[in-house]
Every structure is written in structure tokens, then in C-alpha cells.
Amino acid sequence: MAELEHLKEECGVFGMYDFSGGDVATSIYYGLFALQHRGQESCGIAVSETNGPKGKVSSHKDMGLLNEAFTPEVLEKLKGDIGVGHVRYSTAGSSTRENAQPLVLNYVKGTLGLAHNGNLINTPQLHKELEYTGAIFQTTIDSEVIAYLIARERLNSKTVEEAVGRAMKKLKGAYSLIVMSPRKLIGARDPFGFRPLCIGKRDNAYVLASETCALDTIGAEFIRDVEPGEIVTISPEKGIESDKSCCILKEQHARCVFEYIYFARPDSLIDGCSVYHSRIMAGKYLAMDSPVEADIVTGVPESGNCAAMGYAMQSGIPYNTAFVKNSYVGRTFIKPKQKNRESSVQIKLNPIREVVDGKRVIMIDDSIVRGTTSDRIVKLLRDAGAKEVHVRISSPPFLWPCYFGTDVPAREQLIAYNRSVEEIRQIIGADSLAYLSLDRLPDIVGGREICTGCFTGKYPMEPPQDDIRGEFDE
Ligand code: SF4
């Protein structure tokens, strides 16, 4: 993944309900492990015993990676046959332990555990509305607003899933949710389907997860995706129940295309489309549309690799691994200071001189955001002896911010804002530079409906007047 200066990922969610009464915490831990790429700032697991006292939830959450936050002793104490887990990168709300998820909320009808991936665009309004009617917020995250809304709607609803549906009518933005009630596990996806969510099954246990790779990791079989706008309720009495009253027309769906280009793992399928295949196709289209003579094609690890293979397949130019990535260094983007970002390029990536020395190299990366490290990576190749460095980017240029859970910054910080491709080429010091064209995006995801807001400024819903991202940061 070309995370050196790249987009911050959002979050990963995982829920499980074992109808046979087995403990789920360990499986949730391994499921979250497969989703660690979606968030490395904090993580947590909350579990409950469906046959125990209603509302008794055990939870543990902390800052850092899963293997830092959880020990075997901690997991051992988390007893329960229903549970929900979360890995977080903060796109709204600051990075503190209080803001870690899942959120656990006690209210008159029992206890609610909630894990959320995405970003709402009407949080300030909802926040105000809820505060005026007595809510006292403990955190600065969207998810608490959602939890309060559900709790409030529950008072006027027959079931918790009905309350989720009512709350969804008030939410604007991107969300994939997993809600744990004392006796039910509920999954919901916003009507546009920005963020993924899928259902799996292992023996007598049902699973909800951000990506299918998490199902594979725990040996669960993929059942299906939760559809955009759908609410699924999982209970031993009724299995999987579906409510589609919040669904919108298929033509209006707006999956975040960056899930395919960058966020998701290549061994995942999202809405039936292989992430690996999308990246291969992006590389193939780059080779068709922006060919160049060269000796090798290489990818900036990890997410540039599949697109580089696609480019190689299409062009006939051999693919080779030109970088060794040190995976043991914390990701640059979880350290906010510019200084760290810059110094970590070399710590993280080292070119293999034998591969690039004297060669004309095509280097594929998934995106350029601010452009603060692309020049360094190009220079690394040149210093290792590359004769020419041709950069190909497997997405169109970022021109607009994202309001839906991806940390695409304000326009002024984007390298492509107000600059031509030629100007960017000069800044990063490449011999040539080309981006994937906008027209190719639907083709890389098999024609599925996608959001292209950060490339076009045309968002699937009216963006907020003021940029509210970060407003709830402390
Ligand atoms: S604006 Fe870009 S990053 Fe944000 S949801 Fe849409 S495609 Fe994804």
C-alpha cells in the first residue's frame, strides 16, 4: 500500500452471534486482525451473554493495534455469545481512548453495543438536536450520535431493528453499522452503500464484517453482502431478516471507489466485485491508455502491486518487485506530523538495486494526494540506478475533498488542485506521468454504481456548506 503520504483509512467493523452459545471474543479478535489495514489507531471488542442478565456487556478497548491492545488474559475475560468489534482510524473525532469503539450505551430498554464505519455529514445538527433534548455526549465521534438516535427511537419502536430504521431516516452520510442488542445482532448500510458490509456463517454462528477477507480468516463462509440501505437482523428465532425500507434506486448507489483502488484488501470481494480484479483492470487500462516503453513495471507496495501486474499483463513488459517494504514500522499516516511522514519514506521502502539499475522503470501507485512523498520515491529509484522513471497512477487526480469517511484533505492541499499533469510530473521529478481516466472507473468495478466526488466535485448528496470534517475534534 502506498501509504507513505496517502489517504487515511476509515474503520473496520466485525460482529458475531453464536446461536450455540460459544464465546465469540476470540473469533472477533481474529476477524478484526484481518481488518487491521482499515484502522490502526484504536480497537475494541464488546460482548454479551444472550442468556445472561439483559444488558450485561463486557468490553475492552484501547489505543493501538490489536496485538498491542489485547492479551490472551484480556480476551479470556470477554465472555459472551454475541459481540461486536472495531478497528479505528479517526476521520471525525480525535484520536483518544474515549473515542475508541465499540460504543456501549445503557438505556431503559437494555444495552446497545455499536460499531460504525463511515462519516456523517449532518452530525452537528443531530448533535445539537440531541443535546437540546437532554443527551450528554461522552465522546466526539459520529457513532455516539447514531447510538443516541437509535436509543431514542427505540422508545417509540416495537423492536430495536425498527429503531435502527427510524434512526437511519435521520442520518445523512456514509455508514456501515453493526449494532448488538441483548438478543439480536443487526447490520445496516447507508442507502448509497459508501462503505462495505457482508454477512458470513460458521457452523451455527453468523458474522457481519466490513470485508470478506475477515470471514476467510475465521473460516466462515460468505453468505452475501448487506445491500445499500438494507437492515439485517440476526436472531436464533428467525435467522437473517431483511428490511429494505431505507433502500433507494440502484442507479443512485455510490460505493466509494477507493475501497476497490486502495482501502480494501485484494483478497476481499465487495458487492460481488473482486478488489484484486479491479486493481488488475486499472493497471490494464493504464497500459492501454498511457503506454510507454520500459524494461520493468513495478508497484509501490502494497496497493500499487496488483495494478502494476495488470499493466505488465497488458503491455508485455515484465513485472518485478523493485521495493522492499519494512512492515514493522508504524504507518506514516497515523503520525500526524509532517516531519515523521517525510523521514519514514526511506525507513519504510528500500529499492532493490539489482532490479532497477540501468533500467527504464514504470512505477505504479494508487494515488497522489499532497505529493509530499512521490518525489522521494522517484528519487529512491533514480538513486538505485534507474535510467528513467515513468509514474502511472491507478486513480484519477484528486481535485475535491471527501465528506464520507476518507481523509481526502481540503482542495488547497491536493497536489492536483490548480496544477496540470505536466506540472505535477515536474514536481515529483518523473520522466512521464499519467493517471487513470475518469471514464475507466466504472469499468474497473464491473459497472457497479460508484461515488466519484473527490475527482469530480459531484457528490451523491449535497455536501455540507462548511467543511465540518474535524469540527468535533478536540
Ligand atoms: S468522495 Fe472519493 S473518497 Fe469519498 S466516498 Fe466518494 S469516492 Fe470515496
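We count ligands from 1, going down the list as the structure has it; atoms in each ligand are counted the same way.
- Side-chain contact, S432 with R392: a donor N or O sits under 3.5 Å from an acceptor N or O.
- When the heavy-atom distances from atom 6 (Fe) of ligand 1 to G453, G457, C451 are ranked, the shortest goes to C451.
- With ligand atoms numbered from 1 in the order given, ligand 1 contributes 3 (S) to contacts under 4.0 Å with heavy atoms of T406.
- Across T406, N117, N119, a single residue satisfies side chain to side chain donor-acceptor pair (under 3.5 Å) together with R195, and that is T406.
- Residue C256 has at least one heavy-atom neighbour below 4.0 Å for each of these atoms of ligand 1: 3 (S), 5 (S), 7 (S), 8 (Fe).
- Using a cutoff of 4.0 Å between basic side-chain nitrogens and carboxylate oxygens, E422 and R425 are scored as salt-bridged.
- Here F398 and Y435 keep their ring centres 6.0 angstrom or further from each other.
- Per-residue contacts place C402 under 4.0 angstrom from the following atoms of ligand 1 (heavy atoms of the residue considered): 1 (S), 3 (S), 4 (Fe), 5 (S).
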